[in-house]
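Numbering of residues begins at 1 and proceeds along the displayed sequence.
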Amino acid sequence: MTRTIVESKTKTAVIGFEEPFCVIGERINPTGRKILSEELERGDFSRVEADAVAQANAGATVLDVNSGAVFSNKMAEDPRYADNNFVEPTLMPELIKRVQAVTDLPICIDSSVPGALEAGLEACEGRPLLNSVTGEEERLEMVLPLVKKYNVPVVAISNDDTGISEDPDVRFAVAKLIVERAADHGIPAHDIVVDPLVMPIGAMATAGHQVFTLVRRLREELGVNTTCGASNISFGLPNRHGINNAFLPMAMGAGMTSAIMNPVALPVNAAKIAEKRAEVEALGVVLPEGMDDEAFVQFFGMGSTLPRAGKEMEAIRAANFLFDRDPHGGEWIKFNKTAPKAGQEGRGRAGRTGGRRRR
């Protein structure tokens, strides 16, 4: 039985074929998040801490911490800041310390810079997941010794020196090579979590079928756990959540055991609320006095003003229940419980007291 153990100082996450699906929260990543990069450049980690807490509250199992920030202002003053090999080894341990201070979830250390990976390993409490090694020769030689030295599991991305192949057989061969090279270093297969690389279905119609087939082969032939960037499948398409919600349970059915994804439905911002209020007012709709923003956005189906678990988390929890990885549906029931409004405690649907009347 393949079980990949990832640990914080006080909590253990198990990635495995018979385990609940492991959600690796991806929000702590400055890549493509200009505001976050600017805040990190100023030494402001408040958004990192908030993202850590929000993802933990939404049900993430592990938190990915990526240090790929671009410090534009410092770069103009000191050219060394243009080099991630200079920036990330200092930034990564600080990110990890901040995350560990606000949550007890295990961590996935995510960087393309070997120095940042090792700095993260030194700072991390417990047994983190390392992200990542590839089939590129230079990467294999740099990362696998770290995996062995610190006795940690690693994400293995199935591309090599030729790039990312659209042929699933080639991607399988790359994954097999990584598992074999890891074995040469004394790293067991259960500490390899393969990312078979999900392609956007909008660009490749067979992308879903490809990854499901690959995941089955990886499980049956190599005996490894798997992961992916879950939102890649829906890139460039409308209603991405709809695609993601279908993809994740299907991937789980094929044998995928984890995903790097955003577990949080982001809050509705003030500008959208103001725009909707103006629209409602223009239609002559009279709202109850004192209706606050949270009540307003929920009434009009806009979401919430607070971070909460996203629809993908609902799909995953339902699939856990259906695949018998949620005994008696306890987690599903807990996930769907909402706190009663004031004065509604002990009431059933529509605020009625007691149960349904029998005839």
Side-chain angles (χ1 to χ4, degrees), residues 1-7 12-19 21-22 24 61-62 64 106-122 124 126-165 167-198 210-229 251-252 254-260:
M1 188 64 64
T2 300
R3 299 171 83 246
T4 304
I5 307 298
V6 188
E7 295 177 317
T12 298
V14 181
I15 306 174
F17 301 152
E18 305 302 325
E19 302 293 329
F21 195 73
C22 178
I24 303 170
T61 320
V62 173
D64 187 87
I107 285 174
C108 175
I109 304 170
D110 184 357
S111 177
S112 60
V113 176
L117 293 177
E118 184 151 28
L121 286 164
E122 291 286 350
C124 215
R127 189 176 196 248
L129 177 63
L130 208 61
N131 187 6
S132 59
V133 68
T134 69
E136 298 163 289
E137 188 59 36
E138 183 180 14
R139 191 78 181 168
L140 288 164
E141 292 179 358
M142 288 190 298
V143 177
L144 290 180
L146 288 178
V147 174
K148 178 61 178 178
K149 177 182 176 181
Y150 289 90
N151 184 30
V152 294
V154 64
V155 173
I157 301 177
S158 52
N159 66 281
D160 59 13
D161 292 294
T162 65
I164 300 173
S165 174
D167 185 340
D169 291 334
V170 172
R171 302 208 298 278
F172 177 84
V174 173
K176 184 177 180 183
L177 169 69
I178 297 171
V179 171
E180 290 170 348
R181 290 290 292 275
D184 292 341
H185 285 77
I187 301 164
H190 65 248
D191 275 340
I192 309 294
V193 182
V194 173
D195 181 348
L197 292 171
V198 174
Q210 269 196 12
V211 77
F212 302 148
T213 302
L214 257 175
V215 166
R216 290 189 190 97
R217 287 192 68 189
L218 290 164
R219 173 175 174 163
E220 294 168 3
E221 297 181 37
L222 300 184
V224 293
N225 281 307
T226 46
T227 195
C228 72
M252 292 169 68
M256 188 169 282
T257 48
S258 68
I260 301 170

Does the side chain of Thr2 come within less than 4.5 Å of Val224's, by heavy atoms?
-> no
Is it the case that Thr134 and Asn159 place a side-chain donor and acceptor less than 3.5 Å from each other?
-> no
Partners meeting ring-ring contact (aromatic ring centres under 6.0 Å, His included) with Tyr150 (sequence neighbours left out) | none
Minimum heavy-atom distance Leu222-Ala189, with the two atoms named | O-CB, 4.2 Å
For Thr227 and Pro196, the nearest pair of non-hydrogen atoms, with its separation, is O-CD, 3.1 Å
Can you name the nearest heavy-atom pair linking Ala156 to Ile192, along with the distance?
-> CB-CG2, 3.7 Å
Close side-chain approach of Asn131 and Ile109, heavy atoms under 4.5 Å | no
To the nearest 0.5 Å, atom CG of Asp195 lies from atom SG of Cys228 at 6.5 Å
Which pairs pass salt bridge (charged side-chain N to carboxylate O under 4.0 Å, His left out) with one or both residues in residues 139-148, sequence neighbours excluded?
-> none
When rounded to the nearest 0.5 Å, the distance separating CG of Asp169 from OG1 of Thr213 is 9.5 Å
Under 4.0 Å between a Lys/Arg side-chain N and an Asp/Glu carboxylate O for Arg216 and Glu221?
-> no
Rounded to the nearest 0.5 Å, how far does SG of Cys22 lie from CD1 of Ile15?
-> 4.0 Å
Can you measure from CG (Leu214) to CE (Met256) and round to the nearest 0.5 angstrom?
-> 9.0 Å
List the atom of Phe212, the atom of Ala254, and the distance in Å for their closest heavy-atom pair.
-> O-CB, 3.7 Å
Does a side-chain heavy-atom distance below 4.5 Å link Glu7 with Pro106?
-> no
Nearest 0.5 Å please: distance from the CZ atom of Arg217 over to the CZ atom of Phe172.
-> 4.0 Å
Gap separating the CG atom of Asp160 from the CD atom of Glu136, nearest 0.5 angstrom = 7.5 Å
What's the shortest heavy-atom distance between Val174 and Ile157, and which atoms?
-> CG1-O, 4.4 Å
Less than 4.5 Å apart, any side-chain heavy atom of Ile178 and any of Leu140?
-> yes
Are Arg127 and Asp191 within salt-bridge range, i.e. N to O under 4.0 Å?
-> yes
If we only count heavy atoms from C-beta on, is the Val143 to Val147 side-chain gap below 4.5 Å?
-> yes
Would you say the side-chain atoms of Asp161 pair up with the backbone N or O of Glu137, donor to acceptor, closer than 3.5 Å?
-> yes
Does Ser258 reach the main-chain N or O of Thr226 with its side chain, forming a donor-acceptor pair under 3.5 Å?
-> yes
Where is the tightest heavy-atom contact between Leu121 and Pro128, given as atom of each residue plus distance?
-> CD2-CG, 3.9 Å
Do Asp167 and Ser165 have side-chain N/O donor and acceptor atoms under 3.5 Å apart?
-> no
Partner set under side chain to side chain contact (heavy atoms under 4.5 Å, CB included) for Arg219, not counting sequence neighbours | Phe17, Glu18
So do Val14 and Thr4 actually touch side chain to side chain, heavy atoms under 4.5 Å?
-> no
Quick one: do His190 and Arg3 satisfy side chain to side chain contact (heavy atoms under 4.5 Å, CB included)? Show the steps, please.
-> CA-CA 6 Å; His190 65 248; Arg3 299 171 83 246; over 6 Å; no
Are side-chain heavy atoms of Val155 and Leu129 found at a separation under 4.5 Å?
-> yes
